[in-house]
> 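Sharing a structure here in structure tokens format.
Basis for what follows: all heavy atoms, side chains included, without hydrogens, waters or symmetry-related copies.
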Amino acid sequence: MLAYRLQNLLLPVPTICDETAMYYRACGDVVLEGSALHFAKHASCSFDTYFNAFSLNKWKAYTGIDRLSLHVRVAGTFELKIYAAEWYRDRIQRSCIYAEAVTSDGGEDIVLPITELSWENISFSLRALTDDAVLCGGGFVTEIDERRLRPVEIDLVMCTFHREAYVTRNIRLLKEQFFGNPAYNGTEHYRIKIVDNGQTLPPSATLGDDRIRLYPNMNVGGSGGYARGMMESLYEGRATHILFMDDDVVVQVEALERTYNLLSLLKEEYQDRFLAGGMLRLDQPNFQHAAGEFVQGHDTFAVKGGTDLDDYKNVVYNEKFEHAHREYSGWWFCCMPCTIARLDNLPYPFFVRYDDIEYSLRNIDRLITLNGISVWHAAFDRKYSALMEVYYVFRNQMVVILLQRLVGRKAFLKFFTRRFARQIFRYDYPAAELLLDGVENVLQGPDFFMHTDTVRDLKEHGAKQIKTRPLSEFTGETINHGAFRASLGNVGERKLTKWLRFLTLNGHFLPDGCFRPQNYAEYGGNANSKQFFRYRRVLACDPNFEEGVLLDIDRGKCFKALWRWGKDFLRIALGWKRLEKQYHDALPDMTSNEFWRKYLKLDE
């Protein structure tokens, strides 16, 4: 039998994450020095945390392991306790299943078999019984027949565009902390492929390691970069899995190790599933943006979003099996098997946004997730761009709705109308124009996506969006912070006022005498249209009071956009079934190796 380490004990690394409660909870004098924890006498630590608790329910379900032991390496004498927990009626049921004093000089691991495997979560705690006791390492280990190990080879693909600092940081991290590390099972089974859409990374970016390869590529957006990386991996024919990872994430290499370990033991019935890494917030590193996502109708939802992972209850809850129909994995960390990632099944040419959603919905329905397999990423709610959120997202979303038949014609027209009205109600006429531009792109049919000049399209529509500027540049404007903060709340209104707002297009049909001079509102997707009603001008700011824009009511621009919306509404109503057929018929060609080689000009 082979002793196979599934999960290593993790301690905080300041350059990655210093949110201590994600790793351990200390009581008393406990000091982190390098890769060891030093305890004063009677000080204690609990390791029932996001990175160090063991998700027994997931490991049993996905791999079928039937043996488990805790390995700890300590110097000194500790009281060690092992705890088991399960989720029951919205509460944690927890028991101590082992307690004993352990002593060692730190030379070898202390091995403690865990015989009770009916629980969902396993964790442990240490209390020092001597001065300067030290925890040097540890982890959870299973015993298996070596023949059970599946051959797993992973190509990690990163796509980048003018983000040299991010890419260099992550390449160096992998080179120094992962490759060649004897503590890891997967270190010799990864290769890195960097697709450079900006063609600015020098050959030296690979750090002279032949396991890291650089591919200069056209600026064809994220889907084009990831498609190129997938193609190069499949041409090579070495990998069993392809892992897409954003270039600007912060990742612990243990996430790669746990990915390899899980895949190497995966049951046959899960071989075709995608493994989705959780997304944690860079600005609040203990908060989870999503552990997988799903589509319902025309909306997307995060699985277990907004979860505070410092809380042990949430650590266990995060591993509760809760599957939704039409799950998808964001490409900040998405590992897919090469039985699905094939040369006749490549990404859709979206340039940016919704490429990961379309690919997931086309190929899978359920995801695999696991605590500790995650990355930190800048939160999406902290950055708003009308170009991205209104032009690219809505345009690509419309295509996915057509391809997957997520909603019918009537529901889409209602959705389209509400999104258009949102921009008009907030006096953001350029955003309304961007929305209509995107819809009219889709109405041209698949040929638009097959032949458009993506760089020129980006420049043309990027020039249309409103540019925010620092609030310090607003001369003559008195910034009323109190009024702005009030605008962030849920402003109440009477039913009659609500109907008046809608019937007058948020005041566009009212005479000038009904308007007051100026108000404040948030700028972006969370803006409250009530704050615009019957105001000639609104100063819209970001929540941090850093940048803003002045938005003035303009009936001419409103009615011009309204005329375009009416024509587009009619075209969609009359041509919905034809559009569905066009996009369905073109899909095999647009996701083929032949199309992408021509699109990327690889044979020229």
> Once salt bridge (charged side-chain N to carboxylate O under 4.0 Å, His left out) is applied, do any residues pair with Arg366, and if so which ones, sequence neighbours excluded?
none

> Answer yes or no: is there a donor N or O on one side and an acceptor on the other, between the side chain of Asp196 and the main chain of Thr200, under 3.5 Å?
yes

> In terms of heavy-atom contacts, does NZ of Lys467 have more than 12 from other residues, nucleotides or ligands at under 6.0 Å?
yes

> Mind jotting down which residue pairs meet the salt bridge (charged side-chain N to carboxylate O under 4.0 Å, His left out) criterion with at least one end in residues 494-503? Sequence neighbours excluded, please.
Glu493-Arg501

> Could you tell me whether a side-chain N or O of Arg409 sits under 3.5 Å from a main-chain N or O of Ala573, the two making a donor and an acceptor?
yes

> Looking only at side chains, do Asn219 and Asn197 share a donor and an acceptor under 3.5 Å apart?
no

> With a 3.5 Å cut-off and no angle check, do the side chains of Asn318 and Gln288 form a donor-acceptor pair?
yes

> Who passes side-chain hydrogen bond (donor to acceptor under 3.5 Å, both in side chains) against His298, sequence neighbours left out?
none

> Who pairs with Gln296 by side chain to side chain contact (heavy atoms under 4.5 Å, CB included), at least two apart in sequence or on another chain?
Phe294, Phe301

> Could you tell me if Asn217 and Arg228 have a donor-acceptor pair between their side chains, going purely by distance under 3.5 Å?
yes

> Is the distance between the ring centroids of His508 and Tyr427 under 6.0 Å?
yes

> Taking the six-membered ring of Tyr317, is NZ or CZ of Lys304 closer than 6.0 Å to its centre and within 45° of its axis?
yes

> Among all residues two or more places apart in sequence or in another chain, which pass the ring-ring contact (aromatic ring centres under 6.0 Å, His included) test with Tyr24?
none

> In this structure, which one of Tyr392, Tyr391, Tyr429 forms a side chain to side chain contact (heavy atoms under 4.5 Å, CB included) with Leu434?
Tyr391

> Does any non-hydrogen side-chain atom of Val303 lie less than 4.5 Å from one of Glu322?
no

> Listed by chain and number, what are the salt bridge (charged side-chain N to carboxylate O under 4.0 Å, His left out) partners of Lys313, not counting sequence neighbours?
none

> Give me the atom names and distance for the closest heavy-atom approach of Ala53 to Val315.
CB-CG1, 4.3 Å

> Fit a plane to each ring of Tyr384 and Tyr523, take the angle between them on a 0 to 90° scale, and name the class: parallel (under 30°), tilted (30 to 60°) or perpendicular (over 60°).
perpendicular

> Please lay out, stage by stage, how Arg564 and Asp437 fare under the test salt bridge (Lys or Arg N to Asp or Glu O under 4.0 Å).
CA-CA 10 Å; Arg564 278 185 67 189; Asp437 285 350; 2.9 Å; yes

> List in chain and number order the residues that pass ring-ring contact (aromatic ring centres under 6.0 Å, His included) with Tyr226, two or more places apart in sequence or in another chain; answer none if no residue qualifies.
Phe244, Trp331

> In terms of side-chain geometry, is the basic nitrogen of Lys557 or Asp428 positioned less than 4.0 Å from the acidic oxygen of its partner?
no

> Please enumerate all residues that pass side-chain hydrogen bond (donor to acceptor under 3.5 Å, both in side chains) together with His325, with sequence neighbours excluded.
Asp365

> Tell me if the CZ atom of Arg456 is crowded by more than 12 foreign heavy atoms within 6.0 Å.
no

> Report the relative orientation of the aromatic rings in Trp596 and Tyr599; use parallel for angles under 30°, tilted for 30 to 60°, perpendicular for over 60°.
perpendicular

> Please check this pair: side chain of Glu327 against backbone of Ala324, looking for a donor-acceptor N/O pair closer than 3.5 Å.
yes

> Who passes salt bridge (charged side-chain N to carboxylate O under 4.0 Å, His left out) against Asp247, sequence neighbours left out?
Arg163

> CZ of Phe415 to CG of Asp299: how many Å apart, nearest 0.5 Å?
6.0 Å

> Identify, with sequence neighbours excluded, every residue that meets side-chain hydrogen bond (donor to acceptor under 3.5 Å, both in side chains) alongside Arg555.
Asp512

> Is the closest side-chain donor-acceptor distance between Tyr354 and Ser223 under 3.5 Å?
no

> List in chain and number order the residues that pass salt bridge (charged side-chain N to carboxylate O under 4.0 Å, His left out) with Glu547, two or more places apart in sequence or in another chain; answer none if no residue qualifies.
none

> Should Leu280 and His289 count as side-chain neighbours, where that means a heavy-atom distance under 4.5 Å?
no

> Please identify each residue that fulfils side-chain hydrogen bond (donor to acceptor under 3.5 Å, both in side chains) with Glu319, with sequence neighbours left out.
Ser55, Lys58

